[in-house]
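Before any comments, here is the structure.
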Amino acid sequence: MTEPFDALAQLASVDATLITLERSRAFLPARVALAELDSLVAGIDRALGLLDDERQGLDAALATLERDVERMSQREAELSAKMAVATGAGRELNAMHQEVTHLASTRDALETQELELLQALEPFDAAQAPLVQERQQAEATRPGLIETLQREETALKGEILEAQARQQDVQSRIDPALLERYARIAKGSQGVGASLLEHGHCSGCHLGLAAVELDRLKKMPLEDIALCEQCGRLLLRPEQLS
Ligand SMILES: [Zn+2]
């Protein structure tokens with residue numbers, strides 16, 4: 001007599017296990033850690049983006065200055081080369097000499113501005129450096145987490161396969177009509193079609209049964225299966241189980 005009810009109870013248990021396992025897929029420790037890593041990196045990127053926005057004007061001014069200084073240095077070199085091969089002390093040589101002097105003093109002024117800009121950028125560099133370092137350190141953990149996640153997924157898959165094998169084995173021991181009834185109820189009851197009556201409570205919905213109902217179940221023939229009035233699951237009584 002207990003055999004079909006024992007099998008039903010086992011099926012409910014293995015079905016509950018399978019649901020828990022399937023749900024745990026989304027919350028594997030490495031998956032959670034990877035999501036946390038993503039949000040940490042996103043936060044760092046936002047902070048770096050804000051700093052970038054703030055320093056954009058200074059960076060652009062610095063780039064312009066660097067180009068100007070470079071252009072002047074080239075012109076100075078050109079003129080110096082020409083002067084080196086020029087003969088006599090003509091007006092042209094004099095003009096070149098004046099231009100070189102002018103270029104050099106302008107370049108000095110620009111280089112001073114360049115230094116000032118670099119100083120103005122220092123606080124940004126100081127703020128960015130630890131963020132960049134933190135980002136690198138965070139990203140360095142990613143490959144390990146991905147590897148761990150793969151291991152966790154493989155292990156979970158193994159557990160699911162094992163539970164599915166147990167499920168099939170238990171199902172094969174239940175009368176097809178009863179199994180179909182169980183499956184129909186399970187569909188509307190979060191995947192588990194049977195529960196146990198434990199200390200006056202249904203193990204499926206955890207609600208207590210009314211005294212009248214408990215009394216009615218006591219008088220019910222052993223071969224009849226009760227239904228939980230609250231959740232609609234097949235409600236197995238202790239006396240039906242071995
Ligand atoms: Zn219930």
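Order of listing sets the numbers, starting from 1, for every ligand and every atom in it. Note that these values count all heavy atoms, side chains included, but never hydrogens, waters or copies made by symmetry.
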Checklist entry - Under the side-chain hydrogen bond (donor to acceptor under 3.5 Å, both in side chains) criterion, do Glu78 and Gln74 qualify, and how do the steps go? => result CA-CA 6 Å; Glu78 268 171 39; Gln74 275 173 11; over 6 Å; no
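At a cut-off of 2.8 Å, His206 is not counted among the residues with an N, O or S atom near the Zn ion (ligand 1).
Other residues, nucleotides and ligands place more than 12 heavy atoms under 6.0 Å from the CD atom of Glu153.
Rounded to 10°, the angle formed at the Zn ion (ligand 1) by SG of Cys202 and SG of Cys231 is 110°. Between the SG atom of Cys205 and the SG atom of Cys228, the angle taken at the Zn ion (ligand 1) works out to 100° after rounding to 10°.
Linking ILVMFWY residues whenever their side-chain heavy atoms come closer than 4.5 Å, directly or via other members, leaves Val14 and Leu21 in distinct clusters.
Using a cutoff of 4.0 Å between basic side-chain nitrogens and carboxylate oxygens, Asp6 and Arg173 are not scored as salt-bridged.
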